[in-house]
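Okay, so here's the structure we're looking at.
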Amino acid sequence: MVLRFAASVGRVVIFGARTASHVVRPPIYPRELAVALLNIGWLSLPVVGLTAIFTGGALALQIYSGGARFNAEAVVPQIVAIGMVRELGPVLVGLMIAARVTSSIAAEIATMKVTEQIDALVTLSTNPMKYLVVPRVLAALITVPLLVGIGDIIGIAGGYTVAVQNLGFNASAYLTNTIQFLELRDIVSSLAKGAAFGVIAALMGCYYGMQSDRGAQGVGRATKNSVEAAAVLILAANFILTGVFFSI
(Lines give C-alpha, C1' and ligand atoms only; values in the text may rest on other atoms or scores of the structure.)
Protein backbone atom coordinates (compact mmCIF):
# COMPACT_ATOMS: atom_id res chain seq x y z
CA MET A 1 0.00 0.00 0.00
CA VAL A 2 2.86 2.38 0.84
CA LEU A 3 4.60 1.59 -2.42
CA ARG A 4 1.39 2.15 -4.40
CA PHE A 5 0.86 5.49 -2.66
CA ALA A 6 4.45 6.56 -3.34
CA ALA A 7 4.11 5.52 -6.99
CA SER A 8 0.87 7.52 -7.31
CA VAL A 9 2.50 10.60 -5.81
CA GLY A 10 5.44 10.20 -8.17
CA ARG A 11 3.15 9.96 -11.21
CA VAL A 12 1.27 13.09 -10.17
CA VAL A 13 4.52 15.01 -9.63
CA ILE A 14 5.87 13.92 -13.01
CA PHE A 15 2.57 14.86 -14.67
CA GLY A 16 2.69 18.29 -13.01
CA ALA A 17 6.30 18.82 -14.08
CA ARG A 18 5.45 17.88 -17.67
CA THR A 19 2.53 20.30 -17.62
CA ALA A 20 4.74 23.11 -16.30
CA SER A 21 7.33 22.44 -19.01
CA HIS A 22 4.66 22.61 -21.74
CA VAL A 23 3.21 25.85 -20.36
CA VAL A 24 6.39 27.80 -21.16
CA ARG A 25 6.84 26.31 -24.64
CA PRO A 26 4.83 26.97 -27.80
CA PRO A 27 2.44 26.31 -29.34
CA ILE A 28 -0.50 27.70 -27.37
CA TYR A 29 -4.05 26.99 -28.52
CA PRO A 30 -5.98 30.27 -28.00
CA ARG A 31 -9.38 28.81 -28.82
CA GLU A 32 -9.03 26.00 -26.28
CA LEU A 33 -7.78 28.51 -23.70
CA ALA A 34 -10.76 30.81 -24.34
CA VAL A 35 -13.22 27.92 -23.97
CA ALA A 36 -11.54 26.83 -20.73
CA LEU A 37 -11.64 30.41 -19.39
CA LEU A 38 -15.37 30.53 -20.09
CA ASN A 39 -16.12 27.14 -18.55
CA ILE A 40 -13.94 27.49 -15.47
CA GLY A 41 -14.37 31.18 -14.80
CA TRP A 42 -17.61 32.68 -16.05
CA LEU A 43 -19.82 29.60 -15.71
CA SER A 44 -18.59 28.99 -12.15
CA LEU A 45 -19.55 32.49 -11.02
CA PRO A 46 -23.19 31.75 -10.04
CA VAL A 47 -22.36 28.85 -7.72
CA VAL A 48 -19.41 30.77 -6.24
CA GLY A 49 -21.57 33.83 -5.62
CA LEU A 50 -24.39 31.89 -3.98
CA THR A 51 -21.97 29.92 -1.80
CA ALA A 52 -20.18 33.09 -0.68
CA ILE A 53 -23.25 35.17 0.14
CA PHE A 54 -24.90 32.47 2.23
CA THR A 55 -21.63 31.70 4.00
CA GLY A 56 -21.04 35.37 4.83
CA GLY A 57 -24.56 35.78 6.17
CA ALA A 58 -24.38 32.61 8.26
CA LEU A 59 -20.94 33.63 9.58
CA ALA A 60 -22.30 36.98 10.75
CA LEU A 61 -25.17 35.29 12.59
CA GLN A 62 -22.86 32.75 14.24
CA ILE A 63 -20.32 35.36 15.36
CA TYR A 64 -23.04 37.62 16.73
CA SER A 65 -24.61 34.73 18.61
CA GLY A 66 -21.28 33.59 20.04
CA GLY A 67 -20.07 37.09 20.83
CA ALA A 68 -23.28 37.88 22.71
CA ARG A 69 -22.18 35.45 25.42
CA PHE A 70 -19.18 37.68 26.18
CA ASN A 71 -20.69 41.09 25.30
CA ALA A 72 -18.48 41.14 22.19
CA GLU A 73 -21.09 41.54 19.46
CA ALA A 74 -19.15 44.47 17.97
CA VAL A 75 -16.48 42.19 16.53
CA VAL A 76 -18.83 40.86 13.82
CA PRO A 77 -17.47 43.01 10.93
CA GLN A 78 -13.84 42.28 11.76
CA ILE A 79 -14.29 38.51 12.12
CA VAL A 80 -16.50 38.20 9.05
CA ALA A 81 -13.91 40.05 6.98
CA ILE A 82 -10.90 38.09 8.18
CA GLY A 83 -12.78 34.78 8.14
CA MET A 84 -13.97 35.22 4.56
CA VAL A 85 -10.75 36.64 3.12
CA ARG A 86 -8.22 34.44 4.89
CA GLU A 87 -9.98 31.09 5.01
CA LEU A 88 -13.60 30.56 4.05
CA GLY A 89 -13.52 32.45 0.76
CA PRO A 90 -10.54 30.65 -0.82
CA VAL A 91 -11.37 27.22 0.62
CA LEU A 92 -15.06 27.23 -0.32
CA VAL A 93 -14.33 28.54 -3.81
CA GLY A 94 -11.62 25.90 -4.20
CA LEU A 95 -13.97 23.12 -3.13
CA MET A 96 -16.73 24.40 -5.42
CA ILE A 97 -14.27 24.44 -8.31
CA ALA A 98 -13.18 20.91 -7.39
CA ALA A 99 -16.80 19.75 -7.38
CA ARG A 100 -17.78 21.49 -10.61
CA VAL A 101 -14.66 21.88 -12.74
CA THR A 102 -12.45 18.96 -11.69
CA SER A 103 -15.23 16.47 -12.23
CA SER A 104 -16.11 18.01 -15.60
CA ILE A 105 -12.50 17.97 -16.83
CA ALA A 106 -11.92 14.40 -15.67
CA ALA A 107 -15.12 13.10 -17.27
CA GLU A 108 -14.45 14.93 -20.53
CA ILE A 109 -10.85 13.78 -20.92
CA ALA A 110 -11.63 10.25 -19.73
CA THR A 111 -14.41 9.99 -22.31
CA MET A 112 -12.02 11.22 -24.98
CA LYS A 113 -9.57 8.51 -23.95
CA VAL A 114 -12.22 5.79 -23.95
CA THR A 115 -13.45 6.81 -27.42
CA GLU A 116 -9.82 7.01 -28.67
CA GLN A 117 -10.02 10.72 -29.45
CA ILE A 118 -6.71 11.26 -27.64
CA ASP A 119 -5.10 8.64 -29.89
CA ALA A 120 -6.54 10.52 -32.86
CA LEU A 121 -4.87 13.73 -31.64
CA VAL A 122 -1.53 11.92 -31.54
CA THR A 123 -1.99 10.64 -35.09
CA LEU A 124 -2.62 14.25 -36.17
CA SER A 125 0.72 15.29 -34.61
CA THR A 126 -1.04 17.18 -31.80
CA ASN A 127 0.39 16.81 -28.33
CA PRO A 128 -2.49 15.98 -25.93
CA MET A 129 -0.68 17.73 -23.09
CA LYS A 130 -0.51 20.95 -25.07
CA TYR A 131 -4.04 20.70 -26.45
CA LEU A 132 -5.99 19.34 -23.48
CA VAL A 133 -4.05 19.94 -20.26
CA VAL A 134 -2.20 23.24 -20.64
CA PRO A 135 -5.24 25.39 -21.62
CA ARG A 136 -7.26 24.09 -18.67
CA VAL A 137 -4.48 24.57 -16.14
CA LEU A 138 -3.72 28.08 -17.42
CA ALA A 139 -7.41 28.98 -17.37
CA ALA A 140 -7.74 27.78 -13.77
CA LEU A 141 -4.59 29.68 -12.76
CA ILE A 142 -6.06 32.88 -14.22
CA THR A 143 -9.72 32.63 -13.25
CA VAL A 144 -9.82 30.98 -9.82
CA PRO A 145 -8.00 33.88 -8.04
CA LEU A 146 -10.54 36.23 -9.64
CA LEU A 147 -13.36 33.99 -8.42
CA VAL A 148 -11.84 33.99 -4.94
CA GLY A 149 -11.66 37.79 -4.93
CA ILE A 150 -15.27 38.06 -6.08
CA GLY A 151 -16.32 35.44 -3.53
CA ASP A 152 -14.58 37.37 -0.73
CA ILE A 153 -16.43 40.55 -1.69
CA ILE A 154 -19.79 38.82 -1.98
CA GLY A 155 -19.26 36.98 1.31
CA ILE A 156 -18.45 40.23 3.14
CA ALA A 157 -21.49 41.80 1.47
CA GLY A 158 -23.64 38.93 2.74
CA GLY A 159 -22.37 39.46 6.28
CA TYR A 160 -22.92 43.21 5.92
CA THR A 161 -26.52 42.73 4.76
CA VAL A 162 -27.38 40.40 7.63
CA ALA A 163 -25.65 42.59 10.21
CA VAL A 164 -27.29 45.82 9.07
CA GLN A 165 -30.75 44.47 8.27
CA ASN A 166 -31.17 41.87 11.02
CA LEU A 167 -28.69 42.63 13.78
CA GLY A 168 -28.97 46.41 14.01
CA PHE A 169 -25.42 47.41 13.00
CA ASN A 170 -24.70 50.87 11.63
CA ALA A 171 -23.91 50.56 7.91
CA SER A 172 -21.08 53.08 7.70
CA ALA A 173 -19.45 51.88 10.92
CA TYR A 174 -19.60 48.27 9.68
CA LEU A 175 -17.85 49.15 6.43
CA THR A 176 -15.26 51.28 8.22
CA ASN A 177 -14.38 48.48 10.63
CA THR A 178 -14.13 46.00 7.75
CA ILE A 179 -11.79 48.18 5.69
CA GLN A 180 -9.59 49.16 8.64
CA PHE A 181 -9.21 45.61 9.89
CA LEU A 182 -8.13 43.95 6.64
CA GLU A 183 -4.45 44.08 5.71
CA LEU A 184 -2.72 43.72 2.36
CA ARG A 185 -1.29 40.39 3.51
CA ASP A 186 -4.80 39.02 3.98
CA ILE A 187 -5.77 39.89 0.40
CA VAL A 188 -2.52 38.60 -1.10
CA SER A 189 -2.81 35.30 0.77
CA SER A 190 -6.41 34.89 -0.42
CA LEU A 191 -5.50 35.39 -4.09
CA ALA A 192 -2.39 33.20 -3.80
CA LYS A 193 -4.50 30.42 -2.33
CA GLY A 194 -6.94 30.84 -5.20
CA ALA A 195 -4.16 30.41 -7.76
CA ALA A 196 -2.82 27.30 -6.01
CA PHE A 197 -6.28 25.77 -5.61
CA GLY A 198 -7.10 26.43 -9.27
CA VAL A 199 -3.97 24.69 -10.47
CA ILE A 200 -4.64 21.72 -8.17
CA ALA A 201 -8.25 21.39 -9.32
CA ALA A 202 -7.43 21.51 -13.03
CA LEU A 203 -4.35 19.32 -12.72
CA MET A 204 -6.20 16.57 -10.85
CA GLY A 205 -9.00 16.58 -13.40
CA CYS A 206 -6.54 16.29 -16.29
CA TYR A 207 -4.38 13.68 -14.57
CA TYR A 208 -7.18 11.30 -13.65
CA GLY A 209 -8.84 11.82 -17.02
CA MET A 210 -5.62 10.84 -18.78
CA GLN A 211 -5.20 7.81 -16.49
CA SER A 212 -8.77 6.57 -16.92
CA ASP A 213 -9.51 2.91 -17.57
CA ARG A 214 -11.67 1.75 -20.44
CA GLY A 215 -15.44 1.68 -20.24
CA ALA A 216 -18.10 3.61 -18.37
CA GLN A 217 -16.84 2.35 -15.02
CA GLY A 218 -13.38 3.70 -15.79
CA VAL A 219 -14.79 7.14 -16.58
CA GLY A 220 -16.86 7.14 -13.38
CA ARG A 221 -13.90 6.00 -11.29
CA ALA A 222 -11.64 8.67 -12.79
CA THR A 223 -14.22 11.38 -12.08
CA LYS A 224 -14.71 10.27 -8.48
CA ASN A 225 -10.99 9.94 -7.78
CA SER A 226 -10.23 13.33 -9.31
CA VAL A 227 -12.70 15.16 -7.07
CA GLU A 228 -11.52 13.33 -3.96
CA ALA A 229 -7.86 14.02 -4.70
CA ALA A 230 -8.51 17.67 -5.56
CA ALA A 231 -10.51 18.29 -2.37
CA VAL A 232 -7.91 16.67 -0.11
CA LEU A 233 -5.01 18.46 -1.81
CA ILE A 234 -6.81 21.81 -1.62
CA LEU A 235 -7.33 21.42 2.13
CA ALA A 236 -3.71 20.33 2.61
CA ALA A 237 -2.45 23.23 0.49
CA ASN A 238 -4.62 25.61 2.50
CA PHE A 239 -2.95 24.46 5.71
CA ILE A 240 0.54 24.87 4.22
CA LEU A 241 -0.14 28.29 2.70
CA THR A 242 -1.76 29.52 5.91
CA GLY A 243 1.41 28.55 7.75
CA VAL A 244 3.55 30.32 5.15
CA PHE A 245 1.62 33.59 5.24
CA PHE A 246 0.65 33.78 8.91
CA SER A 247 3.31 31.88 10.82
CA ILE A 248 4.88 35.15 11.98
Side-chain angles (χ1 to χ4, degrees), residues 37 40-101 140-201 231 234-235 237-248:
L37 288 170
I40 296 175
W42 178 253
L43 297 181
S44 297
L45 192 56
V47 68
V48 167
L50 289 172
T51 301
I53 194 167
F54 288 128
T55 301
L59 187 61
L61 290 173
Q62 289 283 12
I63 295 168
Y64 184 84
S65 175
R69 303 177 185 178
F70 310 99
N71 295 321
E73 301 93 333
V75 300
V76 169
Q78 294 92 328
I79 304 301
V80 168
I82 197 171
M84 286 302 305
V85 173
R86 283 192 180 186
E87 286 296 321
L88 290 177
V91 171
L92 289 177
V93 170
L95 293 177
M96 289 298 104
I97 293 298
R100 183 187 177 277
V101 174
L141 178 63
I142 294 169
T143 58
V144 176
L146 298 177
L147 290 173
V148 168
I150 294 171
D152 292 343
I153 294 170
I154 294 176
I156 292 173
Y160 165 85
T161 302
V162 169
V164 172
Q165 298 296 327
N166 293 42
L167 305 178
F169 279 77
N170 179 271
S172 60
Y174 189 100
L175 292 176
T176 300
N177 288 332
T178 299
I179 294 171
Q180 290 179 348
F181 193 73
L182 285 176
E183 300 177 352
L184 179 61
R185 180 174 62 169
D186 301 327
I187 299 171
V188 170
S189 71
S190 184
L191 299 181
K193 286 181 178 182
F197 298 166
V199 170
I200 289 171
I234 284 171
L235 294 174
N238 176 65
F239 173 76
I240 294 171
L241 291 173
T242 300
V244 170
F245 280 103
F246 302 107
S247 59
I248 300 176

Reported CG-to-CZ distance for the pair L235 and F197, which is rounded to 0.5 angstrom:
7.5 Å
Please name all residues satisfying side chain to side chain donor-acceptor pair (under 3.5 Å) with E87, sequence neighbours left out, ordered by chain then number.
K193, N238, T242
Let me see the working for F181 and D186 under side-chain contact (heavy atoms from CB on, under 4.5 Å), right down to the final yes or no.
CA-CA 10 Å; F181 193 73; D186 301 327; 5.9 Å; no
What's the spacing between N170 CG and T176 OG1 if we round to 0.5 Å?
8.5 Å
Quick one: does NZ or CZ of R185 land under 6.0 Å from the six-membered ring centre of F245, within 45 degrees of the ring axis?
no
Could you go through L167 and L61, starting from their C-alpha distance and side-chain angles, then the distance that decides it, and tell me whether this counts as side-chain contact (heavy atoms from CB on, under 4.5 Å)?
CA-CA 8 Å; L167 305 178; L61 290 173; 4.1 Å; yes
Check A195 against L141 and note the closest heavy-atom contact, atom names and distance.
CB-CD1, 3.9 Å
For a quick test of reading the model, state the closest non-hydrogen atom pair linking I200 to A237 and the distance between them.
CD1-CB, 3.8 Å
Return the set of residues passing side chain to side chain contact (heavy atoms under 4.5 Å, CB included) with T51 (not counting sequence neighbours), or none when no residue passes.
V47, T55, L92, M96
G49 versus I154, closest heavy-atom pair with distance
O-CG2, 3.5 Å
Drop me the distance from I97's CD1 to T143's OG1, to the nearest 0.5 angstrom.
6.5 Å
Shortest non-hydrogen contact between V48 and V93, atoms and distance:
CG1-CG2, 3.7 Å
Which heavy-atom pair separates A171 from Y160 by the least distance, and what is that distance?
CB-OH, 3.2 Å
Any V101 side-chain heavy atom under 4.5 Å of S44 side chain
yes
Which pair of heavy atoms, one from A81 and one from T178, lies closest together, and at what distance?
CB-CG2, 3.7 Å
CG/L59 to CD1/I82 distance, rounded to the nearest 0.5 angstrom?
11.5 Å
S190: side chain to side chain contact (heavy atoms under 4.5 Å, CB included) partners, not counting sequence neighbours:
V85, P90, V148, D152
What's the spacing between I156 CD1 and L175 CG if we round to 0.5 Å?
10.0 Å
Between CD1 on residue I40 and CZ on residue R100, distance to nearest 0.5 Å:
8.5 Å
Heavy-atom side-chain proximity of Y174 to I179 below 4.5 angstrom:
no
